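Working notes for the structure below.
Here is how names work: the chains are called A, B, and so on, in the same order as the sequence lines, proteins then strands, and each is numbered from 1. Since the model is a prediction, treat every value here as computed from it, not as a measurement.
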Amino acid sequence: MKSEPDAFSIDDLERVKVEPWNGVRNYQARNYMRDDMKVGDPVLFYHSNAAKETGVAGLAKVASKPYADPTQFDPESDYYDPKATPEEPRWFLVDVGFVEKFPQVLLLEKLKANAPLLGEDFVLIRKGNRLSVAPVTAEQYKSVVKLSKTKRS
DNA sequence: GCCAACGTTGGC
DNA sequence: GCCAACGTTGGC
């Protein structure tokens, strides 16, 4: 799951512990949350668009079942969707819980350097990847955790 | 700020 | 259903 650290960082998540992942307005990303996420699923927390230190910043977990994003019903919200109704919600989210902040951000650069390990299809190094929520395999997750423990050169 | 790579919208 | 125009994301 991606977030721009200026808007919401791993430090913010550590402070609040649990955050409803609202505001996702992309159907594919919504489907991943609505259809595929289970409570307790491990999550890579990625800092996108960072001034520096773009990369995986820590670990999180799915902390709720999927439910309707309340911001879609709120005319005051930036995420308001006039076509959504409580009877027929269009957007869904899960709560995300803090697990761990990496001592150092695992830089995108390093992910790219380890493409053979992670696989060329690893979502964070794939070209044109713009989904804020996307799946990784268990193997990829483990590899990322392992890489986070190695020192930067 | 630029640009590539999308996704969405709307006219037809 | 097609496609141009437009908007957004994200790396650099």
Side-chain angles (χ1 to χ4, degrees), chain A residues 1-16 19-37 41-62 66-96 98-137 140-141 143-148 150-153:
Chain A
M1 303 181 84
K2 299 194 225 172
S3 183
E4 303 198 7
D6 289 346
F8 190 83
S9 71
I10 190 77
D11 295 312
D12 295 319
L13 185 61
E14 181 168 23
R15 186 156 10 90
V16 301
E19 176 77 2
W21 211 251
N22 59 33
V24 171
R25 294 295 179 269
N26 172 286
Y27 289 105
Q28 248 183 296
R30 175 204 69 182
N31 291 348
Y32 288 134
M33 287 198 286
R34 187 190 60 185
D35 304 335
D36 297 334
M37 284 189 163
D41 281 353
V43 171
L44 301 174
F45 194 98
Y46 181 82
H47 282 176
S48 64
N49 249 324
K52 45 175 193 163
E53 308 273 288
T54 289
V56 181
L59 303 177
K61 66 185 173 189
V62 175
Y67 60 97
D69 182 344
T71 63
Q72 68 192 306
F73 310 127
D74 176 7
E76 303 296 310
S77 170
D78 287 346
Y79 304 126
Y80 178 60
D81 183 345
K83 290 177 186 162
T85 66
E87 293 72 32
E88 282 198 58
R90 183 179 286 201
W91 304 108
F92 290 81
L93 55 68
V94 296
D95 292 347
V96 175
F98 177 79
V99 172
E100 155 185 354
K101 178 188 176 181
F102 289 162
Q104 294 182 312
V105 174
L106 174 51
L107 298 177
L108 177 58
E109 188 182 302
K110 192 158 179 179
L111 295 175
K112 287 179 176 168
N114 286 279
L117 173 68
L118 294 164
E120 304 293 335
D121 64 333
F122 183 57
V123 64
L124 292 174
I125 58 176
R126 213 159 48 193
K127 221 178 169 186
N129 136 59
R130 302 178 316 141
L131 288 180
S132 57
V133 180
V136 302
T137 68
Q140 287 167 340
Y141 182 87
S143 298
V144 168
V145 171
K146 189 172 285 183
L147 283 174
S148 76
T150 64
K151 296 269 286 181
R152 271 187 204 170
S153 52

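- Considering only the side chain of A:K2, C:dG10 comes nearest among C:dG10, C:dC12, B:dG7.
- Of the residues in residues 70-85 of chain A, not one comes within less than 4.0 Å of DNA chain C through any heavy atom.
- When the P atom of C:dC12 is taken as reference, atom CG of A:L111 falls 11 Å away, rounded to whole Å.
- Between A:L107 atom CG and C:dG10 atom P there is a gap of 17 Å when expressed in whole angstrom units.
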TODO: Check step by step if side chain to side chain contact (heavy atoms under 4.5 Å, CB included) holds for A:E53 and A:L107.
DONE: CA-CA 6 Å; A:E53 308 273 288; A:L107 298 177; 4.0 Å; yes

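- A side-chain N or O of A:Y67 and one of A:D95 form a donor-acceptor pair less than 3.5 Å apart.
- Heavy-atom minimum distance, A:A50 versus A:P5: CB-CG, 3.7 Å.
- When the P atom of B:dT9 is taken as reference, atom CZ of A:R25 falls 13 Å away, rounded to whole Å.
- Looking at every heavy atom in both residues, A:V144 comes nearest to A:L118 through CG2-CD2, 3.8 Å.
- A:S3 places a side-chain N or O within 3.5 Å of a backbone atom of A:F8 that can act as its donor or acceptor partner.
- Residue A:E109 contributes atom CD, which lies 16 Å from atom C1' of C:dG10 at whole-angstrom precision.
- Spacing between atom CG of A:N49 and atom C1' of C:dC12 amounts to 10 Å, rounded to whole angstrom units.
- Ion pairing between a basic and an acidic side chain is recognised when a charged N comes within 4.0 Å of a carboxylate O; A:D69 and A:R30 show no such pairing.
- At least one donor-acceptor pair closer than 3.5 Å links the side chain of A:K2 to the backbone N or O of A:L131.
- In this structure, CG of A:N26 is placed 9 Å from P of C:dT9, rounded to the nearest angstrom.
- Partners of A:R90 under the salt bridge (Lys or Arg N to Asp or Glu O under 4.0 Å) rule, at least two apart in sequence or in another chain, are A:D81.
- Counting to the nearest Å, the C1' atom of C:dG11 and the CG atom of A:L124 are 13 Å from each other.
- Here B:dT8 presents its C1' atom at 10 Å from CH2 of A:W91, a figure rounded to the nearest Å.
- Contact annotation for A:K52: no contact, since no heavy-atom pair falls under 4.0 Å across all strands.
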Pull out every protein N or O sitting under 3.5 Å from an N or O of nucleotides 3-6 of chain B, one pair per line with the distance.
residue, atom, partner, partner atom, Å
B:dA5, OP1, A:K127, NZ, 2.9
B:dC6, O2, A:R130, NH1, 2.8
B:dC6, O2, A:R130, NH2, 2.7

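- Side chain to side chain, A:N114 and A:K146 fail the donor-acceptor criterion of an N or O pair below 3.5 Å.
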